[in-house]
Amino acid sequence: MKKAFVKSYGCQMNAYDSARMADLLGEEGYAATDRVEEADVVVLNTCHIREKAADKVYSELGRLRVLKGERGQAGQDTRIVVAGCVAQAEGAEILARTPAVDVVVGPQSYHRLPELLARSRQTRVVDTEFPVEDKFDALPARRTGGVSAFLTVQEGCDKFCAFCVVPYTRGAEVSRPVAAILAEAERLVAGGAREVTLIGQNVNAYHGAGPDGVPVTLAGLMRAVSRLPGLLRLRYTTSHPNDMGEDLIRAHGEIPGLMPYLHLPVQSGSDRVLKAMNRKHDADTYRRLVERVRAVRPDIALSSDFIVGFPGETDADFAETMRLVADVGFASAYSFKYSPRPGTPAAERADAVPEAVKAERLAALQALLDGQRHAFAAAMVGREVEVLVEKPGRHPGQVAGKTPHLLAVQFDAPATTIGTLQRVRVAATSANSLFGERTHADAVAA
Ligand code: 5AD
Ligand code: SF4
């Protein structure tokens, strides 16, 4: 049987797209493999968000070239596909730089992969179009997404933050219709999913068509999805502060199954930097937003993204970011050094912050955020939490799952608990996981 190896870089949407490409190749008779040496088709689903992420692709392609040569000598063909956002941004340049690549395909046209692979037998191909047909309609039905599955409901971004490539690589904001999302969610649940995370670059700007053609908000969509029998938990990510509508905030207090966790990137705590970033909100607006969400759902865990060293960022600006973090308190966060990206307005600026200053600020911010993350996890010790069991644990006899606040937990229980909700008393924490004991032999729900 032919085999396909798909490697995903970057965000959850890429993880979703990778799963869909694996489904598509599955329909074409390719079995999925995690051993690249035995793959007849290798897909790198790439990320362009920061320079480091994009560079990884070229070093991986160097290794693949050697592999392709070796397999070729043994009489085996290997098709190499570069998909995702580097493909979209760099297109034909990738072919010119890396002779081993056969297909370059962007995030909006990967449903054409089988056809592109067939064409690549004659000539190397690039497809970075934004086609008129709906990619999702053209994809085969979902096979399985595991106990906790991602589901793309919205794609693209119209916000044009000054540092970000997403509006260029993923295109304009598009929402999928409610019916298509419900059908996909139903299939996921039938395949064993108990938690679904609705994903989009700007998921809270969702405005897909409802049954009567009238646009539905994310809160409306979540109400419909949460009614699916068998679905125990619902999450969504990633949100923009300016699209946090009143009905979405209220939904956090109303929808059973919507988990108390909100990823709400703020990027900076300085009004001056936020303005230069074209974020279109200030730091106090963010603080007030957090207060409103907490008023509805006091136990909500907050998470965010931060960029340090945006062009022109001063020590005083950075101090404002530290102050915002101290004020809000985050259960988890991602933080990055600013990376200039070709084609974005910020990359044109002459007032870059020196690398050493960026590194210093990142270390200080991460120390603060890490302290908050550990304190949040440590506060769970002694408490009983509900854990959705996702997979076998690190040691025999153990299973691993997540709390409502997205904390990983390991505990002793048979593998038959996978896919069920269990009550666990938390006994200890380590750097990345909680440890505990089951308090009831029966599941809360299955
Ligand atoms: N440099 C550094 N970080 C970036 N992000 C987006 N673009 C850049 C960039 N040019 C970060 C933002 C965003 C997250 C997905 O990646 O924090 O929220
Ligand atoms: Fe990028 Fe800003 Fe759009 Fe997020 S909101 S994807 S950071 S442009």
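Both counts, for ligands and for their atoms, begin at 1 and track the order of listing. All values below come from the heavy atoms of this structure, side chains included, with hydrogens, waters and symmetry mates left out. Residue indices begin at 1 and follow the sequence shown.
- Distance from atom 1 (Fe) of ligand 2 to its nearest protein heavy atom, with residue and atom name: C164 SG, 2.3 Å.
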Stepwise side-chain hydrogen bond (donor to acceptor under 3.5 Å, both in side chains) test for E129 and S109: CA-CA 7 Å; E129 271 182 55; S109 40; over 6 Å; no
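- Taking the six-membered ring where the residue is Trp, H240 and H281 present perpendicular rings, their angle passing 60° and hence far from 30°.
- In summary, the atoms of ligand 2 found under 4.0 Å from a heavy atom of F163, numbered by their order in the structure, are 7 (S).
- Some N or O of S339 is nearer than 3.5 Å to an N or O of ligand 1, by distance alone.
- By the 4.0 Å N-to-carboxylate-O rule, K275 lies too far from D282 to be salt-bridged with it.
- Interface of F160 with ligand 2, defined as ligand atoms under 4.0 Å from a residue heavy atom, comprises 8 (S).
- The residue P265 has no part lying near ligand 2, judged by heavy-atom distances below 4.0 Å.
- Using a 4.0 Å cut-off to heavy atoms of R50, the atoms of ligand 1 that qualify are 1 (N), 2 (C), 3 (N), 4 (C), 5 (N), 11 (C), 16 (O).
- Annotation for ligand 1: atoms under 4.0 Å from non-hydrogen atoms of R341 are 10 (N).
- By the criterion of a heavy-atom distance under 4.0 Å, the side chain of I307, and not its backbone, is placed next to ligand 1.
- Distances shorter than 4.0 angstrom occur between a heavy atom of R279 and an atom of ligand 2.
- The main-chain N or O of S120 is found under 3.5 Å from a side-chain atom of R79 such that the two form a donor-acceptor pair.
- Those atoms of ligand 2 that come under 4.0 Å of a heavy atom in H240, given as number and element, are 5 (S).
- Between C161, P241, G156, it is C161 that holds the heavy atom closest to atom 8 (S) of ligand 2.
- The aromatic rings of Y334 and H263 sit perpendicular to each other, their planes meeting at more than 60°, with 30° as the lower class boundary.
- Residue F163 places at least one N or O, backbone or side chain, under 3.5 Å from an N or O of ligand 1.
- F160 and Y168 have perpendicular rings, their planes meeting at more than 60° on a 0 to 90° scale where under 30° would count as parallel.
- If you look at N202 next to ligand 2, the close heavy atoms, those under 4.0 Å, all belong to the side chain.
- Near K337, the atoms of ligand 1 lying under 4.0 angstrom from a non-hydrogen atom of the residue are 1 (N), 2 (C).
- A salt bridge links E60 with R63: the distance from a Lys NZ or Arg NE/NH1/NH2 to an Asp or Glu carboxylate oxygen falls below 4.0 Å.
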